[in-house]
Protein chains: 2
Amino acid sequence: MSEMTVSRVLRNRGDVSAATREKVLTAAKTLGYVPNKIAGGLASQRVNLVAVVIPSLSNLVFPDVLGGISAELDDTGLQPVIGVTNYSPAREEMVLYDMLSWRPSGVILAGLEHSKASCAMLGNAGIPVVEIMDIDGEGIDTLVGISHIRAGREMAARIIAAGYRRIGFVGTHMPEDHRARKRLVGFEECLAEAGLHLEAREYYQGGSSLLKGRELTQRILTRAPDLDFLYFSNDMIGAGGLLHCLDKGYDISGQIGLAGFNGVDLLDGLPVRLTTTDARRVEIGRRAARIVAGKDITPPDRIVALQPTFIAGETIREIKP
Amino acid sequence: MSEMTVSRVLRNRGDVSAATREKVLTAAKTLGYVPNKIAGGLASQRVNLVAVVIPSLSNLVFPDVLGGISAELDDTGLQPVIGVTNYSPAREEMVLYDMLSWRPSGVILAGLEHSKASCAMLGNAGIPVVEIMDIDGEGIDTLVGISHIRAGREMAARIIAAGYRRIGFVGTHMPEDHRARKRLVGFEECLAEAGLHLEAREYYQGGSSLLKGRELTQRILTRAPDLDFLYFSNDMIGAGGLLHCLDKGYDISGQIGLAGFNGVDLLDGLPVRLTTTDARRVEIGRRAARIVAGKDITPPDRIVALQPTFIAGETIREIKP
DNA sequence: ATGAAAGCGCTAACAT
DNA sequence: ATGTTAGCGCTTTCAT
């Protein structure tokens with residue numbers, strides 16, 4: 001029996017008689033044969049991999065996105081391969097270079113801001129490229145995400161409508177976290193339109209944790225004790241802030257309101273539910289994967305805009321009707 | 001100039017004059033050339049990938065392990081490729097099959113319990129295989145981890161020494177979470193040796209969250225109101241239990257003690273610090289990566305046993321001297 | 001339904 | 001320091 005027949009059986013391609021098929025399968029099993037995809041990929045010029053490039057795994061956001069991607073790729077024969085950039089454009093460039101050298105069937109990558117070389121590589125790759133999370137800017141091929149500017153604006157509008165006026169911000173100071181930056185831009189724009197401005201800011205570097213949220217909140221409230229609202233750049237920091245305020249006996253939502261961002265349900269059991277915005281993480285992963293897999297057609301404008309949705313929680317006053 | 005010279009430049013191999021080297025590099029850059037690793041791998045019979053197979057990304061444990069692996073592989077030219085099994089041996093088998101078909105340089109995978117076919121594949125692969133997290137059992141090649149039986153025993157011993165006697169357990173009921181199972185085995189063994197036994201158990205399925213921890217704690221304390229200690233199978237569930245007990249006004253550590261497992265620092269800012277065991281996640285990742293990369297020699301017994309370390313926290317009584 | 005031949009894009013090994 | 005040749009293990013294509 002030729003190797004050709006074996007190849008046909010193992011890929012369920014072409015006509016093979018049930019008898020030989022059976023023989024090949026059992027032989028492969030007993031020999032513990034694992035086909036060599038390197039040779040296969042070289043011969044067929046196709047590889048069932050999708051490169052997924054994200055900034056971090058410890059940020060609770062990305063496991064959710066990956067979950068959406070996996071779920072949607074599961075029945076397509078495509079496999080995600082994850083690369084992590086640590087929010088460094090230089091590292092992103094290296095990761096992309098490495099991944100593209102494997103000639104994947106598509107690329108999903110977080111964010112719109114990439115080095116010139118990265119953009120060139122992606123443009124020349126001749127494969128679907130889906131940039132996710134953010135839609136405020138120019139894309140290379142297709143975008144799937146939410147407008148963080150809008151998310152920031154909407155939260156500001158809710159806060160103002162609820163009557164808060166002395167507002168502070170606590171967030172990351174990573175120049176490379178463009179989405180956090182855009183949320184703040186939208187937030188401040190909306191404040192400005194209402195004749196308001198941020199009364200205080202507190203920035204931090206590195207990962208987010210409850211403890212950091214506590215410390216920063218303590219610090220900003222020491223510096224600016226008369227704040228009546230704090231907008232945090234994510235839920236983990238926000239939850240830390242919430243715990244601090246509970247500790248200190250603040251009247252949450254009355255004396256001081258709080259809001260985070262993301263809508264991570266890991267934190268649902270806190271003593272008070274944090275007001276936040278659902279960033280539609282799983283859905284973003286799903287839609288991106290569907291496009292790469294060719295399950296969805298790309299919209300004409302090449303943008304899939306999902307809507308960030310407000311989660312009221314209990315740390316903001318209700319708006320009187 | 002032959003393609004061979006180009007190949008040499010791009011891999012920094014063999015002697016190439018500085019002049020031609022320069023020429024090749026600029027040409028590659030302007031053309032946006034990305035070498036084809038599929039062809040390269042086939043020709044050289046070597047591929048700079050390390051397969052990393054883990055059960056889940058949403059479990060806070062694994063991003064930490066991956067962090068350790070990445071950090072240690074960073075300067076080796078090796079690249080981790082992550083596969084997720086969702087705690088399913090069948091899925092693990094598929095993931096392994098897929099990954100091995102790319103002929104990686106090594107495999108790091110969580111746990112010691114694998115399907116027969118998985119073991120056969122790994123045994124035949126002819127590459128370093130490091131099983132991580134757990135050392136209670138037989139390995140295929142090399143093990144790096146902690147003894148969960150011992151971790152369970154040690155926590156039980158501390159709890160008993162602190163004077164608690166009516167002890168309950170809250171944990172996952174996933175038959176495939178062998179490490180949680182082994183901790184419980186060790187825990188109960190130690191109780192039995194002291195003439196004690198678990199007074200109540202509460203199991204759950206699916207992922208862990210603060211909310212689930214609250215609900216389960218409420219339930220177990222309703223059924224068995226006179227418990228004086230709760231051992232949780234992880235910190236997230238334990239933190240939920242802690243929040244519930246705080247809510248209900250329990251005297252934490254006095255009236256009821258609590259302990260989790262893992263030592264995740266994300267939760268450090270809780271109102272009361274949870275007693276737990278540090279599972280040495282980052283170190284496990286590092287050591288496994290060092291072995292796969294050939295930085296460390298494998299110990300003669302093929303086991304790298306790390307010590308789970310007790311973190312006292314504030315939810316257990318201090319032992320009187 | 002099965003087989004034979006060519007070749008995918010590189011690199012190892014051996015010239016020069 | 002640079003070039004030549006063969007071949008990695010498959011799949012594509014074309015025969016039979």
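Every chain is numbered from 1, with letters handed out A, B, ... down the list of sequences. Side chains are part of it too, since the values below use all heavy atoms of this structure and drop only hydrogens, waters and symmetry mates.
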Indicate whether OP1 or OP2 belonging to D/dT2 is found under 4.0 Å from a side-chain N or O atom of B/Thr20. yes
Counting side-chain heavy atoms from CB outward, which of D/dG9, D/dT2, C/dA12 is closest to B/Val16? D/dT2
How would you label the contact of B/Arg21 with the nucleic acid (heavy atoms, under 4.0 Å): base, sugar-phosphate, or nothing? nothing
Can a salt bridge be assigned to the pair B/Arg91 and A/Asp74 using a cut-off of 4.0 Å between side-chain N and carboxylate O? yes
Measure from CD on A/Glu22 to C1' on C/dA1 and round the result to the nearest Å. 16 Å
Determine whether A/Glu92 and A/Leu96 make a side-chain contact, defined as any pair of heavy atoms from C-beta on separated by less than 4.5 Å. yes
Rounded interatomic separation in angstrom, taking CG from A/Leu42 and P from C/dC10: 9 Å
Whole-Å distance between D/dC8 C1' and B/Asn36 CG? 13 Å
Counting only side-chain heavy atoms from C-beta out, which of C/dT2, C/dT11, D/dT12 sits nearest to B/Ser7? C/dT11
Check ion pair B/Arg290-B/Glu283 (N to O, under 4.0 angstrom): no
Whole-Å gap separating P (C/dG9) and NZ (A/Lys37): 20 Å
Separation of C/dG7 atom P from A/Ile38 atom CD1, nearest Å, is 23 Å
Under 4.0 Å between any heavy atoms, over every strand shown, what does B/Arg103 touch: base, sugar-phosphate, or nothing? Just pick one. nothing
Within the structure, does a side-chain N or O atom of A/Ser17 lie under 4.0 Å from either OP1 or OP2 of C/dT2? yes
Within the 4.5 Å heavy-atom criterion, are A/Ser70 and A/Leu73 side-chain neighbours or not? no
B/Leu10 CG to C/dT11 C1', straight-line distance once rounded to whole Å: 13 Å
Can you check nucleotides 3-6 of chain C for protein contacts, nitrogen or oxygen pairs under 3.5 Å, and list what you find?
unit_1: C/dG3; atom_1: OP2; unit_2: A/Ser2; atom_2: N; d: 2.9
unit_1: C/dG3; atom_1: OP2; unit_2: A/Ser2; atom_2: OG; d: 3.4
unit_1: C/dG3; atom_1: OP2; unit_2: A/Thr5; atom_2: OG1; d: 2.8
unit_1: C/dG3; atom_1: N7; unit_2: A/Arg8; atom_2: NH2; d: 2.6
unit_1: C/dG3; atom_1: O6; unit_2: A/Arg8; atom_2: NH1; d: 3.3
unit_1: C/dG3; atom_1: O6; unit_2: A/Arg8; atom_2: NH2; d: 3.4

Find the distance B/Arg46:CZ to D/dG7:P and express it as a whole number of Å. 19 Å
Pairing of A/Lys37 and B/Asp98 as salt bridge, 4.0 angstrom limit: yes
Once you apply a heavy-atom cut-off of 4.0 Å, does B/Asp15 come out as touching a base, just sugar-phosphate, or nothing? base
Looking at A/Asp177 and A/Arg183, is any side-chain nitrogen of the basic one under 4.0 Å from a carboxylate oxygen of the acidic one? no
Side-chain N or O of A/Tyr33 versus OP1/OP2 of D/dG9: is the shortest distance under 4.0 Å? no
Using side-chain heavy atoms (C-beta onward) and a distance below 4.5 Å, is B/Ser105 in contact with B/Leu78? yes
A/Gln45 CD to D/dG9 P, straight-line distance once rounded to whole Å: 18 Å
B/His114 vs B/Glu131 side-chain heavy atoms within contact, under 4.5 Å: yes
Mapping A/Arg13 and B/Ala39 to their closest nucleotides on DNA chain D, which lands nearer the 5' end? B/Ala39
Need to verify one output field. Residue with the more 5' nearest nucleotide on DNA chain D, B/Ala18 or A/Ala43? B/Ala18
